[in-house]
Structures are given as structure tokens and as C-alpha cells.
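Heads up: the structure comes next, in C-alpha cells.
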Amino acid sequence: MLFHPLANDILQEIRAIAENSRLPAYSTHDHTGFWRFVVFRHAKITDELMTNIVAIHYDKDIADELRERIMAKFPAITSLIYSTTTSKASVAFGEKEYLLSGKPTITEKIGPYSFEISANSFFQTNSKGTKRLYDSVIEMAGFRGDENVFDLYCGAGTISLYVSGLVRQVTGFEVIPSAVDDALRNALNNGISNCHFVRCDLMNGLQDSESIVARFGKPDLLIIDPPRGGMHPKTVKAILALAPQKIVHVSCNPTTLARDLAVLCENDYVLTKVQPVDMFPHTAHIEVVVQMVRK
Ligand SMILES: C[S@@+](CC[C@H](N)C(=O)[O-])C[C@H]1O[C@@H](n2cnc3c(N)ncnc32)[C@H](O)[C@@H]1O
């Protein structure tokens, strides 16, 4: 099943609290209202459970009621968070976070590594599938042990850290500050010292590529794992300029993957392997890992 067995019950409780509050749901038509999203995160290996309620602003009475009613009924929740956002974008992302109960992060394990993930950091939704996905990345990369690797769109540093023992050095690039903080802390907690993480908006290509290469060296291999929208054309251009020998591209959206691969393969790369991974069973979605080699 996709959902944690408790998710529907917690949702019903939050729905009852929302109805009782008489505060309206947020409307994306006129941008009024209060209640916006509920996000559940369940770490399958450690069994930790995060519930994040996103509303337009902070209300102390609502916060107290959420804490008291939800924690009394669902003590299995290890992180209860109330986030607020005034953004008009329909994304479940908090600009401010208020920890109502438990820890600010949940911990999940992939293979021998442990990852602390905060509410706003990306983490693959299918923990057991993630090991398979990351093992496909390793297989496609075919590491020799001396590579300098760049991991673009690295999130909480999970792929960087997972492959760190097989290469000389990894540098991860990510736009969300809390994800970069998680990545740095995860490296420390796992005793890994050959990974670096850079906060960087890849909408503008790889800003300041020259100083990045001066600092971290020219990459032999690139791992790319962009969001559903794929890469910005400036980023594709920056990748062509970096000219790594091999690229391993992970994608959860075959449409934007095809668009971005077309540009890379019209230029310097040949598509050599494609491996779909069923990360989202019982849905029409598919994750794909591809290998490209420089011509
Ligand atoms: C599909 S996730 C992959 C994360 C990671 N590789 C993993 O396996 O958990 C995509 C990541 O790209 C980040 N991202 C989205 N837009 C970005 C941008 N413009 N610049 C840098 N990172 C971005 C997101 O915050 C997210 O962490």
C-alpha cells in the first residue's frame, strides 16, 4: 500500500479539527483561506512518522489543539510540525516551521547509511525502492575508485553519501538551504569526509562554473536527479561545458528526461543504458536511470 496505515486516520482527525475551527480551506483561485496541506512522511526502515500541517499563518489556539488532539490519539508520530506559507504556488512547502511535538527531522536508513531529513528536504518516497534505485546509479556509473563526482540536485545528500565510499570525492549541489544543512549533517553523522555540498540554484546553470571547478576540480562523472520539470536549458549548457566522461541521469518524469537527453545527445553524449525502476508501485509513475557516455 502507498500510505502508512495510520495516515487516513490522522487525516480524518485533522479534517475534524479543521471543520471545528470554522477556518476555510485555502483557495488557489482567489488566494484566501487558511488550511493548505497535510504531508505524511514515513521512514519504512526506522518506522518514524512525520506529519506536517501547512497553513497560511500561525494560530496558537490551532497549534495547541493540533498538538493535544493528534498526539493523544497518535503517539506513533515522531515529528508533528505546523508550517506556514503565504506563497501562491500550490506546493506543500513551509516558509516557517513550528515543531509541535517530537523531533524536527525523521531518520531513515538506506543500506548502511542513516539520513536525517527535515520537513522541507526532498527524500525519495519509497525507502526500500531507493536502495534499488541508488544501486542502479552505482551500476551505471561503474566507478573505478578515483573519480571526482558532481551530484546535481542532491537534496539531503543521499546519493552523494551512498556512493562516497566508491569514489575519490563527491560535490553535491542543491537549492534548498535546509536540505544542504541536512546533507552536511548526514555526512558528519555517517563519518564521511570526502563529500562537499554547495547551495546553488541550478535555474541559472552552474553559477560561477569556473570557481566551482577551481575549488572542487573538473568532474569525471556527473549524477543528475532533477525535479519533475527537468533541467533548465542553462544547466544543460553548463553540463556540456563541464564535459564529464560519463553522466548518470535519474528522473521521475520520462517526458522532461527525453527533452533534456535530446539536447545532450545532439551534442557530445551517446545514450548507452536505460533502467526503469518501479519506485511508485500501484501508480502510473516510473523512475528511470540512464547512462550517457561522452562521444
Ligand atoms: C528529485 S529530487 C532528488 C534529490 C536526491 N538526489 C535524492 O535522491 O534524494 C530533486 C532535488 O532538486 C532540488 N532542486 C529543485 N530545483 C532546484 C534548482 N533550481 N537548483 C538546485 N536544486 C534544485 C530539490 O530541492 C530536490 O532536492
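In this text, all values refer to a predicted model and were calculated from it rather than measured experimentally. In listed order, ligands and their atoms are each counted from 1.
With values rounded to the nearest 0.5 angstrom, Asp268 atom CG is found 5.5 Å from Leu240 atom CG.
Looking at atom 12 (O) of ligand 1, its nearest protein heavy atom turns out to be Tyr153 CB, 3.3 Å. Among all protein heavy atoms, the one lying closest to atom 22 (N) of ligand 1 is Val175 N, 3.2 Å.
Side-chain contact of Ser127 with Glu108: a donor-acceptor pair under 3.5 Å is present, judged by distance alone. Under the 3.5 Å distance criterion, with hydrogens and angles disregarded, no donor-acceptor pair is assigned to the side chains of Asn194 and Gln169. Side-chain contact check for Asp182 and Ser121: at least one donor-acceptor pair (N or O, by modelled atom type) lies under 3.5 Å. For the residue pair Glu48/Ser79, the side-chain donor-acceptor check at 3.5 Å is not satisfied. Residues Asp278 and His285 have side chains that never bring a donor and an acceptor to within less than 3.5 angstrom of each other.
At a 3.5 angstrom cut-off on N or O pairs, Phe122 does not count as close to ligand 1. For ligand 1, the polar-atom distance check finds an N/O of Thr158 within less than 3.5 Å of one of the ligand's N/O atoms.
Annotation: Lys295, atom NZ; neighbour count of heavy atoms from other residues, nucleotides and ligands within 6.0 Å is above 12.
Comparing Arg199, Gln124, Glu174 against atom 27 (O) of ligand 1, the shortest heavy-atom distance belongs to Glu174. Distances from atom 15 (C) of ligand 1 to the heavy atoms of Gly157, Pro227, Ala179, Ser178 show the closest one on Pro227. Nearest to atom 10 (C) of ligand 1 by heavy-atom distance, out of Asp225, Val250, Ile223, is Asp225.
Annotation: salt bridge (Lys or Arg N to Asp or Glu O under 4.0 Å) contacts of Lys237 (sequence neighbours excluded): none.
Under a hydrophobic-cluster definition in which Ile, Leu, Val, Met, Phe, Trp and Tyr are linked whenever side-chain heavy atoms come within less than 4.5 Å, directly or via other members, Ile286 and Leu261 are assigned to the same cluster.
For ligand 1 and Ile159, the ligand atoms under 4.0 Å from any heavy atom of the residue are 6 (N), 8 (O). The atoms of ligand 1 that sit less than 4.0 Å from any heavy atom of Met203 are 19 (N). Those atoms of ligand 1 with a heavy atom of Ile176 less than 4.0 angstrom away are 25 (O). Ligand-side atoms of ligand 1 in range of Asp201: 18 (C), 19 (N), 20 (N), range being under 4.0 angstrom from any heavy atom. Under a 4.0 Å criterion applied to the non-hydrogen atoms of Gly155, ligand 1 contributes the atoms 4 (C), 27 (O).
For Cys200, every heavy-atom contact with ligand 1 shorter than 4.0 Å involves the backbone, none the side chain. Contacts between Ser121 and ligand 1, counted as non-hydrogen atom pairs separated by less than 4.0 Å, are absent for every part of the residue. Residue Leu202 touches ligand 1 through backbone and side chain together, judged by heavy-atom distances below 4.0 Å. If you look at Tyr134 next to ligand 1, the close heavy atoms, those under 4.0 Å, all belong to the side chain. The backbone of Pro226, and not its side chain, has at least one atom closer than 4.0 Å to an atom of ligand 1 (non-hydrogen atoms only; backbone = N, CA, C, O).
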### Message
Show, in sequence, the C-alpha distance, side-chain angles and deciding distance for Val288 and Gln275, and conclude whether the side-chain contact (heavy atoms from CB on, under 4.5 Å) test is met.
### Response
CA-CA 6 Å; Val288 188; Gln275 174 63 64; over 6 Å; no
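Taking the six-membered ring for Trp and thresholds of 30 and 60 degrees, Tyr82 and Tyr58 have ring planes inclined between 30 and 60 degrees apart.
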